[in-house]
4 protein chains.
Amino acid sequence: MMSGMQADAKAIHNRLRRIEGQVRGLQRMVDEDAYCIDILTQVAAVQTALEQVAVNVLDAHVRGCVAGAVAADGDEAGEKLDELMAAVRRFAKVR
Amino acid sequence: MMSGMQADAKAIHNRLRRIEGQVRGLQRMVDEDAYCIDILTQVAAVQTALEQVAVNVLDAHVRGCVAGAVAADGDEAGEKLDELMAAVRRFAKVR
Amino acid sequence: MMSGMQADAKAIHNRLRRIEGQVRGLQRMVDEDAYCIDILTQVAAVQTALEQVAVNVLDAHVRGCVAGAVAADGDEAGEKLDELMAAVRRFAKVR
Amino acid sequence: MMSGMQADAKAIHNRLRRIEGQVRGLQRMVDEDAYCIDILTQVAAVQTALEQVAVNVLDAHVRGCVAGAVAADGDEAGEKLDELMAAVRRFAKVR
């Protein structure tokens with residue numbers, strides 16, 4: 001990750017640790033025959049947390065890497081924008 | 001829309017006309033008591049078409065407006081990036 | 001659509017007419033070079049309206065057609081449940 | 001979870017263990033300053049895996065719990081269908 005992201009890396013790492021704990025909690029729910037709807041609610045919570053991670057990474061990427069390449073106006077700029085749009089498309093699950 | 005988009009405007013307009021026709025087709029399906037699953041399939045087709053429009057508009061915006069503001073490195077750059085991320089977030093339905 | 005849906009058909013038709021008007025509004029925005037972010041906001045509004053239509057149709061289908069087949073416990077029940085899950089999967093854009 | 005799900009519980013548990021491993025892999029990527037786009041790709045993979053878990057749980061729920069309540073035609077049937085539609089709505093991120 002580019003340096004602009006350094007500052008956020010710790011926060012993102014901590015979010016991911018929390019998500020890891022939530023996934024372990026889900027395993028316990030399945031093992032203990034929890035009610036399906038409660039499991040689905042918890043899966044949705046993990047998905048929301050993961051989206052937040054994705055938005056944070058994307059945000060750091062756009063402000064650091066992409067903006068840097070565009071400002072430098074080098075050959076890389078077009079490539080970075082293509083890459084960015086591909087990531088956004090995947091993120092939004094556009095077919 | 002910024003000039004970079006001019007070229008795409010005609011194509012986007014045409015996509016939207018096709019979508020308008022699909023929505024009218026959906027009204028007919030509902031009026032004629034079509035099978036629910038067939039209606040849902042058609043709704044999904046319209047949603048895919050609309051996403052394609054959104055991706056095209058976003059793409060033109062990123063390459064035109066955002067890249068322009070970043071390259072000019074004026075006060076606008078940060079604002080454009082905030083606006084872009086808000087649009088991406090909304091597009092990906094991130095809460 | 002099964003009879004359970006009849007009651008909702010008028011409401012769904014009206015929602016679709018409103019959506020048709022929104023799509024025409026989008027064409028005008030594109031023709032008049034509206035700001036990209038405003039177009040994206042309007043596309044998102046149409047998508048939300050379409051999702052509401054899908055939820056209404058799915059709801060009528062589950063309560064009418066699917067519940068009917070399950071209650072009758074005929075050969076159709078399993079098939080209807082398969083079809084329902086396929087529709088839900090498509091609706092949630094699960095790959 | 002109702003008994004119909006028992007059979008799937010082991011498979012779902014295993015999927016969740018794999019997801020836990022993927023989330024730990026993401027932490028390492030962040031710690032090692034991996035390229036943002038690679039991180040986003042990996043986040044998308046975890047999201048797809050989680051959706052698959054949600055679909056499996058929903059599927060078991062519809063075929064077991066919901067179909068059971070509808071077949072028994074007790075007071076519970078309507079309540080189960082409401083609950084199901086709420087879960088589908090949340091799953092599809094419909095506002």
Side-chain angles (χ1 to χ4, degrees), chain A residues 1-6 8-44 46-48 50-51 53-62 64-66 80 83-84 86-88 90-91 93, chain D residues 1-6 8-44 46-48 50-51 53-62 64-66 80 83-84 86-88 90-91 93:
Chain A
M1 253 178 279
M2 69 293 148
S3 59
M5 184 144 174
Q6 229 74 323
D8 304 313
K10 182 79 186 145
I12 292 174
H13 181 98
N14 288 344
R15 276 179 191 276
L16 285 167
R17 288 205 59 153
R18 224 156 24 230
I19 290 170
E20 188 193 335
Q22 287 176 304
V23 173
R24 261 201 301 272
L26 270 168
Q27 290 171 42
R28 266 194 306 279
M29 290 178 84
V30 171
D31 294 345
E32 295 166 1
D33 280 353
Y35 186 51
C36 291
I37 296 289
D38 295 337
I39 296 177
L40 288 171
T41 301
Q42 187 58 17
V43 170
V46 179
Q47 283 176 316
T48 301
L50 267 173
E51 277 167 9
V53 166
V55 165
N56 288 357
V57 174
L58 195 60
D59 193 84
H61 183 64
V62 166
C65 202
V66 179
K80 289 291 176 206
E83 206 182 57
L84 171 65
V88 167
R90 210 162 42 228
F91 182 48
K93 296 208 263 165
Chain D
M1 260 178 275
M2 69 292 146
S3 60
M5 184 144 173
Q6 231 75 323
D8 304 315
K10 181 79 186 144
I12 292 174
H13 180 98
N14 288 344
R15 278 180 191 276
L16 286 167
R17 287 206 60 153
R18 223 153 28 226
I19 290 169
E20 188 192 334
Q22 288 176 303
V23 174
R24 260 200 302 271
L26 271 168
Q27 290 170 41
R28 265 193 307 277
M29 289 177 85
V30 172
D31 294 346
E32 295 165 1
D33 281 353
Y35 186 51
C36 291
I37 295 289
D38 296 336
I39 296 177
L40 288 172
T41 301
Q42 187 57 17
V43 170
V46 179
Q47 283 175 316
T48 301
L50 266 174
E51 276 167 10
V53 166
V55 164
N56 288 357
V57 173
L58 195 60
D59 193 83
H61 183 64
V62 166
C65 203
V66 178
K80 289 291 176 205
E83 207 182 58
L84 171 65
V88 167
R90 210 162 42 228
F91 182 48
K93 298 211 259 166

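The model shown is predicted, which means the values in this text are computed figures rather than measured ones. The chains referred to below are lettered A, B, ... by the order of the sequence lines, with proteins before strands, and numbering in each begins at 1.
Between A:Ile19 and D:Gln27, the closest side-chain pair of non-hydrogen atoms is not below 4.5 Å.
Distance check: D:Glu51 CD to A:Lys93 NZ gives 3.5 Å after rounding to the nearest 0.5 Å. Between atom CE of residue A:Met29 and atom CD1 of residue D:Ile12 there is a gap of 12.0 Å, rounded to the nearest 0.5 Å. Once rounded to the nearest 0.5 Å, the distance linking CZ of A:Arg28 with NE2 of D:His13 reads 10.5 Å. To the nearest 0.5 Å, atom CG of residue A:Leu40 and atom NE2 of residue D:His61 are 7.5 Å apart.
Heavy-atom pairs under 4.5 Å with chain D were tallied for A:Val53, A:Leu84, A:Thr41; the largest tally goes to A:Thr41. Among the candidates A:Gln22, A:Glu20, A:Arg15, the residue making the largest number of heavy-atom pairs closer than 4.5 Å to chain D is A:Glu20.
Looking at every heavy atom in both residues, A:Ala54 comes nearest to D:Val43 through CB-CG1, 4.0 Å. The heavy-atom pair separating D:Leu16 from A:Val23 by the smallest distance is O-CG1, 3.3 Å. What you find for A:Val30 and D:Ala9 is that their closest heavy atoms are CG1-O, 3.5 Å. The two atoms that bring D:Val57 and A:Cys36 nearest to each other are CG1-O, 3.8 Å, heavy atoms only.
Looking at residues two or more places apart in sequence or on another chain, you find no salt bridge (Lys or Arg N to Asp or Glu O under 4.0 Å) involving D:Arg17. Checked against side chain to side chain contact (heavy atoms under 4.5 Å, CB included), D:Asn14 has the following partners two or more places apart in sequence or in another chain: D:Lys10.
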